[in-house]
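Structure first, commentary second.
A, B, ... follow the sequence lines: proteins, then strands. Residue 1 opens every chain.
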Protein chains: 2
Amino acid sequence: MPGTSPDYAARLREAGLRPTRQRVALARLLFEGGHRHVTAEGLHADVRATRLPVSLATVYNALNQFRDAGLLREVVVAPGRSYFDTNTGHHHHFFVEPDGELHDFASDKVTIAGLPAPPKGTRLARVDVIVRVRR
Amino acid sequence: MPGTSPDYAARLREAGLRPTRQRVALARLLFEGGHRHVTAEGLHADVRATRLPVSLATVYNALNQFRDAGLLREVVVAPGRSYFDTNTGHHHHFFVEPDGELHDFASDKVTIAGLPAPPKGTRLARVDVIVRVRR
DNA sequence: AAGTAGTTTAGAACAATTCTAAAATCTGCA
DNA sequence: TGCAGATTTTAGAATTGTTCTAAACTACTT
Ligand SMILES: [Mn+2]
Ligand SMILES: [Mn+2]
Ligand SMILES: [Zn+2]
Ligand SMILES: [Zn+2]
């Protein structure tokens, strides 16, 4: 399948980010294969397993930059830990406790009707549905 | 209105918690008046304003114990900060960014239809809807 | 190749929360 | 009312997740 291999350097450049060794390695881990929900610590472990030395600070920097550039979305489900989501489309989550696993489900599966109007002086930004489940 | 004044000591005892000075003061702040969404720091400031010295560790202990006893619910909306909610009934939230304010709305206002079945081996625990709005 | 701006990094710093172990307080029972 | 034992509070240290600092390094431009 020639021409299918994604060019992460180009993708980063389009997002206004220099394609450094570290960022390209992180982008590959994040965007090749299916959608992922990662923590900074988890991604750091993954990238170090590729034998490329990348500091934890760089992982945090990259995750925040990728999020700001719209390449990732941040998901808040549990106190004291941020998840970053490679699926930036509209969707919702199952959160499995106590494992801390996240699973997507398409937002067009669900119908949310009758949402009250936003408080005075505010505009709707996003609706997050978190379905908490237990083993 | 005699007999209406809530007996926080009794309420704590029923929850299996000794009604200490600190816990009674915190319960009063939390449960008198309408529903509240507090952070540990915020509640600590409130209780210290009553001139009763209470350490921050005790506030954290009490919030966690109240939550475990079902007197409070923990709400996760923003990375790195926990909110505790005196409204333990079914309801959902507006989250106003960047202020960090939470507002309740009744869950029977909203209809959520077509939720996918929980992942294999898990049981539904709760559905949280967070409507993020911006000024 | 050189210059410059942007990036990475180790380590320090920070913020939220939890832990430790000693002092204080609550409770049930003399 | 006084004690004894169990629980709670507390100051301060520790831990965790994350951000900052400033020096070394690297990518892009010329
Ligand atoms: Mn962040
Ligand atoms: Mn907690
Ligand atoms: Zn997702
Ligand atoms: Zn609420």
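- Annotation: side chain of B:Phe94 is not in contact with side chain of A:Thr122 (no heavy-atom distance under 4.5 Å).
- With B:His37 as the partner, the side-chain hydrogen bond (donor to acceptor under 3.5 Å, both in side chains) test is satisfied by one option alone out of B:Glu101, B:His93, B:His103: B:His93.
- Interatomic distance, B:Arg135 CZ to B:Glu97 CD, rounded to the nearest 0.5 Å: 11.5 Å.
- Between B:Leu71 and B:Thr88 there is no side-chain heavy-atom pair separated by less than 4.5 Å.
- Per the geometry, CZ belonging to A:Phe66 stands 11 Å off P belonging to C:dT7, to the nearest Å.
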Readout for nucleotides 25-30 of chain D: B = base within 4.0 Å of protein heavy atom, S = sugar-phosphate only, - = neither; 5' to 3' it is -SBS--
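- One atom, CG of B:Leu56, and another, C1' of D:dA13, lie 14 Å apart when rounded to the nearest Å.
- Atom C1' of nucleotide C:dA15 and atom NE2 of B:His44 are separated by 16 Å, given to the nearest angstrom.
- Atom CZ of B:Phe84 is separated from atom C1' of C:dA16 by 11 Å (rounded to the nearest Å).
- An OP1 or OP2 oxygen of D:dT10 is reached within less than 4.0 angstrom by a side-chain nitrogen or oxygen of B:Thr58.
- Between A:Asp46 and A:Arg36 there is a salt bridge, with a side-chain nitrogen of the basic residue lying less than 4.0 Å from a carboxylate oxygen of the acidic one.
- The side chain to side chain donor-acceptor pair (under 3.5 Å) pairs that include a residue from residues 109-120 of chain A number zero, where partners must be two or more places apart or lie in different chains.
- Ion pairing of A:Asp128 with A:Arg126 is present here, as a side-chain N (NZ or NE/NH1/NH2) and a carboxylate O approach within less than 4.0 Å.
- The interatomic distance linking B:Arg23 (CZ) with C:dC26 (P) rounds to 11 Å, in whole Å.
- In this structure, the nucleotide among D:dT10, C:dT17, D:dT18 sitting nearest to the side chain of A:Tyr60 is D:dT18.
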Anything under 3.5 Å between a protein N or O and an N or O of nucleotides 20-22 of chain D, put it in a table, one pair a line.
none

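- Taking only side-chain nitrogens and oxygens, A:Ser82 never comes nearer than 4.0 Å to OP1 or OP2 of D:dG17.
- Rounded to a whole Å, the CG atom of A:Leu52 is 13 Å from the C1' atom of C:dT9.
- The nearest whole Å value for the distance from the CG atom in B:Leu17 to the C1' atom in D:dT9 is 14 Å.
- Following chains of ILVMFWY side-chain contacts shorter than 4.5 Å, one cannot reach B:Val127 starting from B:Ile130, and the two form parts of different hydrophobic clusters.
- Using a 4.0 Å cut-off, no side-chain N or O of B:Arg81 falls inside it from OP1 or OP2 of C:dA15.
- Cation-pi check for A:Arg11 over A:Phe31 is met; the charged atom lies under 6.0 angstrom from the ring centroid and within 45 degrees of its normal.
- Between the P atom of D:dT7 and the CD atom of B:Gln65 lies a distance of 13 Å, rounded to the nearest Å.
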